[in-house]
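Note that this is a predicted model, so its numbers are computed, not measured.
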Amino acid sequence: MHDLDKACAAMANGDEAATLRFYQVLADATLFILLQREPEGERIDPRIFDLPDGPVMLAFDSEERLAAWGQGQQIYAALPGRVIAQHLAGTGVSLGLNFGSAAPSETLLPPEAMRWLVDMLQATPTQVQAQPQAPG
């Protein structure tokens with residue numbers, strides 16, 4: 001079972017820590033996205049699908065799942081989940097993860113989830129300086 005499958009399955013019970021873990025795994029995962037055409041240098045043109053619920057970019061956590069979804073040869077790029085989230089944040093495009101794979105991680109993440117993930121990745125912990133007090 002893939003890491004995203006495990007994290008998504010653990011998230012199913014509604015536990016907040018498991019949900020945070022899923023998004024951490026998603027951000028760190030290498031995802032394979034479909035492209036409209038061959039990359040031009042550093043520039044890529046992701047393939048966006050117009051579905052009834054709105055535009056969706058598909059991503060897969062393995063080349064095997066990508067190949068199983070597509071018919072024939074596909075043009076794709078491998079990117080970290082955090083880069084994909086940054087690309088999608090604020091665009092109104094959802095992320096379709098592992099569509100057609102029947103994997104536990106097959107899910108649709110709405111645009112708000114991508115914005116939230118980017119915000120969480122940019123957040124820095126607050127540093128607090130304190131002196132321990134002796135009980136008494």
Side-chain angles (χ1 to χ4, degrees):
M1 188 181 278
H2 297 220
D3 290 343
L4 275 171
D5 292 337
K6 293 174 193 172
C8 196
M11 184 176 67
N13 67 13
D15 177 38
E16 186 176 337
T19 299
L20 291 173
R21 175 74 181 132
F22 168 78
Y23 281 102
Q24 178 185 5
V25 172
L26 177 66
D28 293 339
T30 297
L31 299 176
F32 301 88
I33 61 169
L34 295 166
L35 302 179
Q36 292 280 26
R37 60 186 83 21
E38 291 289 337
E40 297 174 10
E42 295 283 319
R43 180 176 156 74
I44 61 170
D45 188 12
R47 191 167 165 195
I48 305 296
F49 296 85
D50 289 320
L51 301 182
D53 291 337
V56 176
M57 183 173 79
L58 299 183
F60 301 87
D61 64 353
S62 72
E63 291 174 291
E64 294 79 20
R65 287 182 174 171
L66 170 68
W69 179 85
Q71 304 289 328
Q73 193 172 20
Q74 300 287 330
I75 301 169
Y76 67 92
L79 299 169
R82 66 185 63 244
V83 172
I84 293 169
Q86 290 167 346
H87 174 75
L88 292 180
T91 65
V93 177
S94 298
L95 180 66
L97 185 60
N98 290 325
F99 270 29
S101 67
S105 59
E106 180 180 5
T107 189
L108 180 66
L109 300 169
E112 300 80 29
M114 296 295 94
R115 175 83 259 154
W116 178 86
L117 178 56
V118 169
D119 289 346
M120 292 302 294
L121 292 170
Q122 292 175 348
T124 55
T126 304
Q127 183 176 0
V128 177
Q129 289 187 343
Q131 293 291 336
Q133 298 285 325

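Nearest heavy atoms, F60 versus F99: CE2-O, 3.3 Å. Contact detail for P55 and D50: the closest heavy-atom pair is CB-OD1, 4.0 Å. Counting all heavy atoms, side chain and backbone alike, C8 lies closest to P104 at SG-O, 3.3 Å. Scanning both residues, T30 and A78, for their nearest heavy atoms gives CG2-CB, 3.9 Å.
Taking the side chain as every heavy atom from C-beta outward, I33 and L58 never approach each other to under 4.5 Å. Between S94 and D53, the closest side-chain pair of non-hydrogen atoms is not below 4.5 Å. Put simply, the side chain of F22 reaches to within 4.5 Å of the side chain of L4, judged on heavy atoms. Taking the side chain as every heavy atom from C-beta outward, L51 and L108 never approach each other to under 4.5 Å. Here the side chains of L109 and L117 are not in contact, with every heavy-atom distance at 4.5 Å or above. Between L31 and L26 the shortest side-chain heavy-atom distance falls below 4.5 Å.
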side-chain contact (heavy atoms from CB on, under 4.5 Å) assessment of S105 paired with H2: CA-CA 9 Å; S105 59; H2 297 220; 6.0 Å; no
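For Y23, the ring pair (Phe, Tyr, Trp, His ring centres under 6.0 Å) criterion is met by W116, not counting sequence neighbours. Remark: D45 engages R37 in a side chain to side chain donor-acceptor pair (under 3.5 Å) (not counting sequence neighbours). Applying the side chain to side chain contact (heavy atoms under 4.5 Å, CB included) criterion to R47, with sequence neighbours excluded, gives L34, Q36, F49, Q74. With sequence neighbours left out, the side chain to side chain contact (heavy atoms under 4.5 Å, CB included) criterion links S101 to R65, N98, A103, E106.
Atom-to-atom distance recorded for M114:CE and M57:CE is 8.5 Å, nearest 0.5 angstrom.
Listed by first and then second residue, the side chain to side chain donor-acceptor pair (under 3.5 Å) pairs involving residues 83-92 amount to none (not counting sequence neighbours). Sorted by first then second residue, the salt bridge (charged side-chain N to carboxylate O under 4.0 Å, His left out) pairs that include residues 73-84, not counting sequence neighbours, are D28-R82.
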